[in-house]
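Please read the structure below before turning to the comments.
Note: hydrogens, waters and symmetry copies are ignored here, and every other heavy atom, side chains too, is used. Below, chains carry the letters A, B, ... as their sequence lines are ordered, and counting in each starts from 1. Owing to the predicted nature of the structure, the values given are computational and were not obtained by experimental measurement.
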Amino acid sequence: MAKGDPGVTTRGRRAAPRSKRATRTGGPELVQLLTPEGERIESAVGPDGTDYRVDFTDEEYRGLYRDLVLVRKLDAEATALQRQGELGLWASLLGQEAAQVGSGRALRTQDMAFPTYREHGVLYCRGIDPIMPLGLFRGVDQGGWDPNEFKFNMYTIVIGAQTLHATGYAMGVHMDGKTGTDDGEAVIAYFGDGATSQGDVNEAFVWASVFNAPLVFFCQNNQYAISEPLERQTRVPLYQRANGFGFPGVRVDGNDVLASYAVTRHALDNARLGQGPSLIEAYTYRMGAHTTSDDPTRYRIASEVEAWQAKDPIARMKAFLTKQQIADESFFAVVDEQARAESVHLRERVLAMPDPAPVTMFDHVYPHGSPELDAQRAQFTTYLESFEGSAH
Amino acid sequence: MATETLTLGKALNTGLRKALENDPKVVIMGEDVGKLGGVFRITDGLQKDFGDQRVIDTPLAESGIIGTAVGLSIRGFRPVCEIQFDGFVYPAYDQIVSQVAKMHYRSQGKVRIPMVIRIPYGGGIGAVEHHSESPEAYFAHTAGLKVVTCANPQDAYVMVQQAIASDDPVVFLEPKRRYWEKGPVDLDAPLSAAYPLHASRVVRAGTDATVLAYGPMVRTCLDAATAAAEDGRELEVIDLRSLSPLDLGPAYESVRRTGRCVVVHEAPGNLGLGSEIAARVTEECFYSLESPVLRVTGYDTPYPAARVEEEYLPDLDRVLDAVDRTFGW
Ligand SMILES: Cc1ncc(C[n+]2csc(CCOP(=O)(O)OP(=O)(O)O)c2C)c(N)n1
Ligand SMILES: [Mg+2]
């Protein structure tokens, strides 16, 4: 990992003025190890000269494929559950599987992740039961779990807020002396292209930079913030923002699971070794609606979606596995069956999720309770009891 | 006279269109307000007809929306800012309370900020967290801001135009769960002759108890009054409309007749609008009151998960329960 290498080709390009088109197509600076056609690229050089490559066993390649298929299938199941009224809302990851599986698998056990509301794939790769975030979307809870237990923070809906939390957490890792060695800890903060406009995110960049926090900013540029295209948030490729804040930035093909893995692994290892933060822009596309409440036909044309269809993260992995004879039809069938079974299992458990008892809304406002809330809870209970036996 | 039946959402859309037509300095800005027409479609079609210089999709940053609107105001524009949901106004809170609210005061009247900050607010739509909150007290507590909320399509149509025409910064709260409710809207009545922006209004006359409500709760209280009438009790319902300043004259007059007063809002009770209103009604109507002023509000918890929001939100039963209690005092 020759960080100081000049990387002449990319340097030269970086100085050149960029057109809007370069922003939209991903440009020449994209780190890619697997083409949309499923051709393997041996290694790719990042803008700072880093040489990115992966060395997976056949079993590991197949594992990545399985992850991709599974998270897509579970996601589709959640979308279906929303359509059937079983979830209030769903934010689909369709199209972003490779960015999430690649970065998620690059995490080590001791690493900590701060997701948005769309990182179901990362959650899956952390070994977390995919049912966990569904309570939030079903409306039976507020998406509460113990971030430290799962090394995965609660979903954050307020755009950008979690990047500061990740930064503070990473500062804590540093203060605890858990960086500087191969087995040190690193932190990853997920956010979208839209989020890069938020003050919080820019403040996180400043903090992480001046405190040399062991943090990877992982931006999934899926080209849209609801209806607003990337151009409404930036005039430069997002990864270049890092320069101004004083840490390295790299754009990776977010539909390429291998490259997403390679750049994330490298950035995390740098962080854990004490070399500070970096920014990864995973260049991808939101194939579906923003959420199940959204109607993307109002703001984007079908041909754009079709163009991205050709860059599908799963299709290219499948093509690669087939061409290299790493996997065959029987393997793909087994994976499909596993995905189907897991999604059925997920569905059954969603349907079985009980509604919370209304009185639980008074719980956990404060660690040690509050006399006022105790009184309100008691009043509420009496009030509810007054309806018992009535036709209410 | 063109009276049409519109949803509250469409009435707002029509009012915004009128404001854009009438004053070239009016600009609309916010997240997804352009091509998409806003996530609730309140700005639907406006960018198409007025162009992207007047209906502006902004970068995703609320502090940026309000902060740049301050600059546009100083430059002579009348920005109408949309905050996508109640729970996302807080990144802009600093700009609103420290800048927007104080410019006129500190410039000794030399700077006006005729900005409107539209916020869909309140619960009842089964949403995930941050999409159902009632932040009115934070703004009503801040001197220099005006805060209003509409409860029916006619008011939505008129009040949004009045707020835009106002020289004050106005926080304009839209009861999102009522966006789809329909009512008659007189589209031709001149704004100059309209019911004043900062005035409350009796929306149902009654003799037995006074119920004060605003925004989404007006409909709830009117339903409660209908139910009470079946039991032989006549509730007077007042739509407050303006939360800062409060117009409590009609409420005092009413309470002096009925002797009973219930205030209803979705926001938590603790230091909510109801607290201020109860204090003022008590001060003004003390000798007429047969019972304390009672409040029916959200509880003092964060807004809960959607599956229990119906229990959190004041409903017809809770309003009637409070009315009953004023009689049993
Ligand atoms: C502070 C804040 N403002 C507005 C919203 C409403 N909102 C939810 S998602 C979204 C777009 C986010 O875009 P991006 O950061 O690109 O992430 P993506 O959804 O594309 O993954 C917006 C505006 C919000 N959740 N938080
Ligand atoms: Mg996006």
Inset, instruction - Name the option with the most non-hydrogen atom pairs under 4.5 Å to chain A; the candidates are B:Glu311, B:Glu309, B:Glu310. - result: B:Glu311
Inset, instruction - State whether the side chain of A:Gln233 and the backbone N or O of B:Leu60 hold a donor-acceptor pair below 3.5 Å, judged by distance alone. - result: yes
Legend entry - Contact origin within A:Asp294 toward chain B - heavy atom pairs under 4.5 Å: side chain
Inset, instruction - Nearest 0.5 Å please: distance from the CZ atom of A:Arg232 over to the OG1 atom of B:Thr58. - result: 8.0 Å
Legend entry - B:Gln84 side chain reached by A:Ile226 side chain, heavy atoms, under 4.5 Å: yes
Inset, instruction - Answer with side chain, backbone, both or neither: which region of A:Ala195 has an atom nearer than 4.5 Å to a non-hydrogen atom of chain B? - result: backbone
Legend entry - CG on A:Asp141 to CZ on B:Arg307, rounded to 0.5 Å: 11.0 Å
Inset, instruction - Apply side chain to side chain contact (heavy atoms under 4.5 Å, CB included) to the pair B:Tyr299 and A:Leu373, showing each step before the final yes or no. - result: CA-CA 8 Å; B:Tyr299 298 103; A:Leu373 278 177; 5.6 Å; no
Inset, instruction - To the nearest 0.5 angstrom, please state how far the CG atom of B:Asp300 sits from the OG atom of A:Ser370. - result: 8.0 Å
Legend entry - Minimum heavy-atom distance between A:Val365 and B:Pro302, given as atom pair plus value: CG2-CD, 3.9 Å
Inset, instruction - Tabulate, in ascending numerical order, the residues of residues 29-46 of chain B having at least one heavy atom closer than 4.5 Å to a heavy atom of chain A, or enter 'none'. - result: B:Gly30, B:Glu31, B:Asp32, B:Lys35, B:Leu36, B:Val39, B:Arg41, B:Asp44
Legend entry - From CZ (A:Phe380) to OH (B:Tyr312), nearest 0.5 Å: 12.0 Å
Inset, instruction - Could you tell me which portion of A:Leu89 (side chain, backbone, both or neither) has an atom closer than 4.5 angstrom to a non-hydrogen atom of chain B? - result: side chain
Inset, instruction - Taking the side chain as every heavy atom from C-beta outward, state whether A:Val158 and B:Tyr90 have any atom pair closer than 4.5 Å. - result: no
Legend entry - Contact class of B:Asp321 relative to chain A, heavy atoms under 4.5 angstrom: side chain
Legend entry - Pairwise salt bridge (charged side-chain N to carboxylate O under 4.0 Å, His left out) hits with a residue in residues 128-139 of chain A, at least two apart: A:Glu86-A:Arg138, A:Asp129-A:Arg349
Inset, instruction - Calculate, to the nearest 0.5 Å, the distance between atoms CG and OH belonging to B:Asp57 and A:Tyr299 respectively. - result: 11.5 Å
Legend entry - Atom of A:Gly139, atom of B:Ala305 and distance for their closest heavy-atom approach: O-CB, 3.3 Å
Inset, instruction - Using the side chain to side chain contact (heavy atoms under 4.5 Å, CB included) rule, take A:Asp355 and B:Val308 through it: C-alpha gap first, then chi angles, then the decisive distance, then the call. - result: CA-CA 8 Å; A:Asp355 280 355; B:Val308 293; over 6 Å; no
Inset, instruction - Please answer whether the main-chain N or O of B:Arg318 pairs with a side-chain N or O of A:Tyr383 as donor and acceptor at a distance below 3.5 Å. - result: yes
